[in-house]
Visitor: 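Can you read through this structure? Questions will come right after.
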Amino acid sequence: MELLSVIVPCFNEEASVSLFYEELDRQTQFLKDRDCTLELIYVDDGSRDKTAENVRKLAESDDRIRMVSFSRNFGKEAAMFAGLEKAKGDYVVIMDCDLQDPPELLEEMFKYIDEGYDSVATRRVTRKGEPPIRSFFARCFYRLMKKISSTEFVDGARDYRLMTRQMVNAILSMPEYNRFTKGIFGWVGFKTKWLEYENVQRVAGETKWSFWKLVSYSIEGIVAFSTKPLMIASAMGVFFCLLAFVMIIFTIVRKLVFGDPVSGWPSLVCIILLVSGIQFFCTGVLGQYLAKTYMEVKRRPLYVIKEEI
Ligand code: UDP
Ligand code: MG
């Protein structure tokens with residue numbers, strides 16, 4: 001008999017926990033026909049509401065339900081990793097608790113797994129119902145990543161993905177601290193089928209991602225999957241050295257040949273400002289990589305478990 005593990009990261013999702021369970025149960029009846037059982041792993045990411053309590057109640061009535069509860073909020077990345085570590089299934093799928101990852105796609109996903117795909121991933125083709133500014137920056141991020149990273153990034157990609165045990169093991173072999181799972185999926189490779197769907201509104205509660213949390217998450221993605229910014233910093237250094245060289249020659253020739261007095265305080269101030277600004281920027285870029293390396297070197301655990309069912 002095969003086993004499917006469903007990993008559900010939850011942070012303050014007291015209202016969605018049971019809604020998700022009911023909908024998933026309804027949409028996974030097809031598993032019976034293929035002799036596959038289910039385990040449902042709720043990863044409570046340090047919720048401050050009744051999420052853990054509600055999961056505990058559900059678990060009493062259905063022994064397919066498991067829960068890992070963190071000692072505090074460690075973020076969705078840590079929650080997904082914990083779920084992958086705890087999952088015992090031959091197949092593993094990660095789904096949001098708010099039903100924005102439609103469970104009705106599961107049956108189709110299994111069809112492709114049977115056809116020989118190692119993973120079936122999903123992407124949103126619309127971002128309807130999302131603030132336009134958020135969509136705009138998300139698009140920019142994916143366009144940038146395509147240019148600066150050799151790993152594949154797909155616009156609108158979700159973490160909702162069905163994987164075989166082999167692929168899960170490959171992901172688990174990457175215990176990096178600064179995790180950007182969308183990149184890790186692409187990095188490990190394997191034959192992936194992409195399914196597309198229209199954006200769905202969350203069933204209850206509200207989004208846990210503020211605009212700034214997303215900005216810092218995107219920096220995480222850039223630093224984790226590209227070293228191009230470091231190269232750009234070096235390239236700018238070379239460019240400004242060349243420019244300075246040309247200007248020195250220009251100034252000397254103007255003085256010696258045409259006898260013009262050396263002048264230009266305002267332009268000097270502008271140049272100093274520009275160049276020192278760029279220097280600060282480059283130091284900042286370096287600092288980002290240093291900071292991530294520092295966190296990586298500490299080898300702290302990705303999460304701390306308080307309770308497990
Ligand atoms: N989530 C989490 N930890 C966090 C933030 C979010 O486990 O620190 C979970 C959340 O409960 C949900 C999923 O990650 O199941 C996606 O979050 P959300 O729906 O808020 O993001 P959005 O869909 O708005 O991008
Ligand atoms: Mg959501």
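One-based numbering along the sequence shown. Bear in mind that the values here come from a model prediction, so they are computed numbers and not experimental data. In each ligand, atom 1 is the first atom listed, and ligand 1 is the first ligand listed.
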Visitor: For ligand 1, give me the residues whose heavy-atom distance to it is below 4.0 Å, by chain and number please.
Guide: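 Those residues closer than 4.0 Å to ligand 1 by some heavy atom are P9, C10, F11, E13, D45, N73, G75, K76, D96, C97, D98, Q100, R134, R202, T207, K208, W209, K213.
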Visitor: Charged N to carboxylate O under 4.0 angstrom, D114 versus R34?
Guide: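 Yes, D114 and R34 are salt-bridged.
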Visitor: Only one of R161, K76, E77 forms a side chain to side chain donor-acceptor pair (under 3.5 Å) with T181, so which one is it?
Guide: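 Checked R161, K76, E77 against T181; only one passes side chain to side chain donor-acceptor pair (under 3.5 Å): E77.
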Visitor: Compute the centroid of each ring, for Y42 and then for Y21, and state whether the two points are separated by less than 6.0 Å.
Guide: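 Ring centres of Y21 and Y42 not closer than 6.0 Å.
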Visitor: Would one find more than 12 heavy atoms of other residues, nucleotides or ligands at under 6.0 Å from atom CD of E115?
Guide: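 Enclosed: over 12 neighbouring heavy atoms sit under 6.0 Å from CD of E115.
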Visitor: Which residue, Y177, F70, F74, forms the ring pair (Phe, Tyr, Trp, His ring centres under 6.0 Å) with Y303?
Guide: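 Exactly one pass, corresponding to F70.
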Visitor: Using the salt bridge (Lys or Arg N to Asp or Glu O under 4.0 Å) rule, pick out the option among K146, R143, R139 that qualifies with D155.
Guide: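 The residue from K146, R143, R139 that satisfies salt bridge (Lys or Arg N to Asp or Glu O under 4.0 Å) with D155 turns out to be R139.
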Visitor: Is the shortest side-chain N to carboxylate O distance from D96 to R158 below 4.0 Å?
Guide: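 Result for this pair is yes, salt bridge flagged.
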Visitor: Stepwise, does the ring pair (Phe, Tyr, Trp, His ring centres under 6.0 Å) test hold for Y117 with F190?
Guide: CA-CA 8 Å; Y117 284 97; F190 291 106; over 10 Å; no
Visitor: Under 2.8 Å from the Mg ion (ligand 2), how many protein N/O/S atoms can be counted?
Guide: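 My tally for this metal is 2.
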Visitor: Please say yes or no: joined through hydrophobic side-chain contacts below 4.5 Å, possibly via intermediate residues, are L40 and I305 part of one cluster?
Guide: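 No: no chain of side-chain contacts under 4.5 Å links L40 to I305.
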